[in-house]
Amino acid sequence: MSEQKPVERFYTLIGIRIIKTEKPMNRLTLYILSIVSLLATVPWFFFETTETQLLGLPCWAFYSICMTMVYAMVIALIFYRYWTLLAGSEDEEQ
Amino acid sequence: MVSNTPLLGTGGIIFMSLYFLSLIVIGLLGRAARKDDSMSDFYLAGRRMSLFILFLTLYATQYSGVTMIGYAGKAYRDGYRFLVSVSFMMAVIGAYLLYAPKLYRLSRKKKFITTGDYFTHRYDNAPLKLITSLIFIFALGSYILTNLKAVGYIVESSTGGVIPFSWGVIAMSLIMVIYETLGGMRSVAWTDAIQGVLLLLGCIFIFTVVEYQYGGLWLVSTKIKEMHPEFWKPPDLEQKRLWLSTLMIVFCGIPLYPHAIQRIYSAKDEKTLARSFIIMVFMPLFTTLFMVIIGIVGAAQFPGLDRGESERVVLILLSDISNHIAGIGMLLVLFLCAAVAAIMSTVDSALLSISSFFTQDIYRPIRPNSHQAQLTRMGKIVSWLVMGLMTYLAMVLPQTIWRLVEIKLDLLSQAAPALFLGLHCKKLKSGAVLAGLVAGICITVLIMTAHLIGNIFPAKPWGFHAGVWGLFVNFTTIGAVTIFQRKEKVDTSLTFRILL
């Protein structure tokens, strides 16, 4: 088994496997992914008050916290895997 | 009005005084560690900040006194809806993703010191640079003012009025300006490291004790449902729009604070910066979320507090707990130290940033032949002058003026298109950005003024902040002017061809 880096170990611990694909990621896709996951933290689809509680929270608040954690993981993963892509190449700066 | 009962005993006051003394010592150590008298060494710690220091200084700077005092109070009043604060504190790191990797490389290559250096390099447009600099100085100034006022009240409350508000402000300002001018960014970052640890420990310990004493959210939720049924209701459409608007304004505003950008310049290398952001993005779960939960627990345990009292909900909870658990009084000291630490780390960073702005962007162009040592000395003088002015204003500014300070984030966010688009759109011209910036500022100020003068407009038309409307107009203007410029270019070239 190859040696894992701290970020990879963290994601493995919470059950997420980082797959290294050959297909290069587009910078715009990463920006859209990060913004969509931020928008998903708003509890858009909750309208009715329910008695159900999850870990002492109303469903919509529980949803928001869960999506906030997902957002944090998405951002951390993008920083970890795609920093070089986000920084752009030397030619691009010229 | 401050109660005459001091929040801290003699032991607590001694502990706090030792903490303040340690900050001066760190300032001296920072001075001793300097490599040379250059601006880069003074304002960016020689661009050699390690992961540990960079993370803690970013953390301590991002979380101000508002986090420790204001967030629990706001959660007390708004309930679970204030969970938006957890998302928006993460959104700040998400926004760095749009510009930090590119800006870092550029800053290394072009030796940037301030945010203004980037604008000069990218646009070379004097009015654009002047307007953005004024926005940054206004935002930093109001940030310092609000935090100085908060620290004055904390000192007054902690000592039961023995040290009055104005003396508290003066003493804290003196401590900050001394260690800041001694070692510049190095001293500020090192003190931030201590302040960051205090802030994190304060949040974790207080949250743990509150959870232990009151049984956590499980038990609290039953009470909440009975006493505050409105907390249990999901936000309606307008509140969801407001939630979205808050995310947008913070996303475009807070990451643009010049002291945050200077920390990006200060990182040792790209790996260090990326790792700091990776850790930072999870911090709202241990800081903001904890304070929101404490506020909600407070609403269940001590209902009926008015706005002013609800701001003291953490203190009320801690005082109540200390009546039940012996030896918990130390937590009160930790909380007050963490609150003061959060404020100081924000003020010192903003002060350093203002000083660098004046020196690099205003003084240096006037005196281009000045040596690095002369510029650094000028920066220190500016720090003392600015701190003196801010201290005076914090003591005398009438309450009506404070309303203007509230719009700092709305105004600051108007500079976001210039930074974000400037880095990504190579063909973007400075004229379009300037037009967008002016239009955005005008709309923001117009909405705010119309609301303040005669309620012609609601403060947040259709649930969106004035700054968000400003941003919409800002981006639209940039797009429209760019299309117009391109069309004009095509028309001109066509005319040339016909003439030839």
Side-chain angles (χ1 to χ4, degrees), chain A residues 5-7 10-11 27-28 30-31 33-90 92-94, chain B residues 79-81 83-84 86-88 90-91 93-106 109 216-222 224-225 229 231-237 240-241 243-244 247-248 251 270-271 273-285 289 293 296 423-424 426:
Chain A
K5 289 180 179 174
V7 175
F10 170 73
Y11 280 96
R27 199 188 300 159
L28 187 65
L30 293 174
Y31 293 151
L33 177 69
S34 74
I35 289 170
V36 168
S37 29
L38 176 63
L39 294 181
T41 61
V42 185
W44 294 110
F45 310 107
F46 293 85
F47 298 98
E48 301 296 323
T49 311
T50 55
E51 286 300 305
T52 322
Q53 53 170 295
L54 298 160
L55 296 175
L57 295 163
C59 290
W60 63 270
F62 183 76
Y63 162 85
S64 180
I65 292 181
C66 288
M67 288 315 292
T68 307
M69 287 178 187
V70 170
Y71 176 65
M73 285 193 279
V74 168
I75 296 296
L77 195 63
I78 295 176
F79 270 126
Y80 171 67
R81 284 285 309 275
Y82 299 106
W83 178 277
T84 318
L85 174 70
L86 294 171
S89 61
E90 289 279 320
E92 211 178 315
E93 278 170 29
Q94 298 303 318
Chain B
Y80 299 107
R81 278 201 297 277
L83 281 172
V84 64
V86 185
S87 320
F88 72 56
M90 275 183 193
I93 309 299
Y96 286 133
L97 194 141
L98 294 186
Y99 77 87
K102 265 177 176 279
L103 187 63
Y104 176 77
R105 279 197 183 172
L106 207 56
K109 212 163 152 187
L217 277 174
W218 276 105
L219 292 179
V220 164
S221 61
T222 322
I224 287 281
K225 260 194 258 183
F231 280 10
W232 210 256
K233 263 172 48 182
D236 59 26
L237 200 58
K240 280 171 188 159
R241 280 200 299 263
W243 189 310
L244 175 67
L247 287 181
M248 288 165 79
F251 184 88
E270 290 185 14
K271 208 172 173 181
L273 187 58
R275 282 179 176 177
S276 301
F277 287 145
I278 291 172
I279 308 171
M280 273 293 288
V281 79
F282 291 99
M283 294 321 287
L285 297 173
L289 182 59
I293 292 176
I296 292 170
L423 280 164
H424 296 288
K426 280 178 283 181

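So you know, we letter chains A, B, ... as the sequences are listed, proteins then strands, and number each from 1. Being a predicted model, the structure only gives us computed values, none of them experimental.
Considering all non-hydrogen atoms of both residues, G88(A) and R105(B) come closest at O-NH1, 2.7 Å. Here the shortest heavy-atom pairing between Y31(A) and H424(B) reads OH-CE1, 2.8 Å. Heavy-atom minimum distance, L57(A) versus W232(B): C-CH2, 4.0 Å.
Contact annotation for L55(A): both backbone and side-chain heavy atoms come within less than 4.5 Å of a heavy atom of chain B. Using a 4.5 Å cut-off between heavy atoms, L289(B) contacts chain A through its side chain alone, with no backbone atom that close. Only the side chain of I65(A) has a heavy atom closer than 4.5 Å to any heavy atom of chain B. Only the side chain of L83(B) comes within less than 4.5 Å of a heavy atom in chain A; its backbone stays farther off. Heavy atoms of L97(B) lying under 4.5 Å from chain A belong to its backbone as well as its side chain.
Counting heavy atoms from C-beta on, the side chains of P101(B) and Y82(A) never come closer than 4.5 Å.
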Decide yes or no on side-chain contact (heavy atoms from CB on, under 4.5 Å) for W83(A) and L273(B), but give the supporting numbers first. CA-CA 10 Å; W83(A) 178 277; L273(B) 187 58; 3.6 Å; yes
side-chain contact (heavy atoms from CB on, under 4.5 Å) between F79(A) and V281(B): does it pass, once the steps are laid out? CA-CA 10 Å; F79(A) 270 126; V281(B) 79; over 6 Å; no
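The choice from P58(A), C59(A), S64(A), A72(A) that makes the most heavy-atom pairs within less than 4.5 Å of chain B is P58(A). Your options are K271(B), R275(B), K225(B), K240(B), and the one with the most heavy-atom pairs under 4.5 Å with chain A is K240(B).
For L38(A), the side-chain contact (heavy atoms from CB on, under 4.5 Å) partners at least two apart in sequence or on another chain are T41(A), Y71(A), A91(B), L247(B), F251(B). Annotation: side-chain contact (heavy atoms from CB on, under 4.5 Å) contacts of P284(B) (sequence neighbours excluded): Y63(B), V86(B), M89(B), M90(B), T288(B).
In this structure, the separation between CZ on F62(A) and OH on Y80(B) is 13.0 Å, given to the nearest 0.5 Å. Atom CZ of F282(B) is separated from atom CE of M73(A) by 6.5 Å, given to the nearest 0.5 angstrom. Taking CG of L86(A) as the start and CD of E270(B) as the end, the distance is 10.5 Å to the nearest 0.5 Å.
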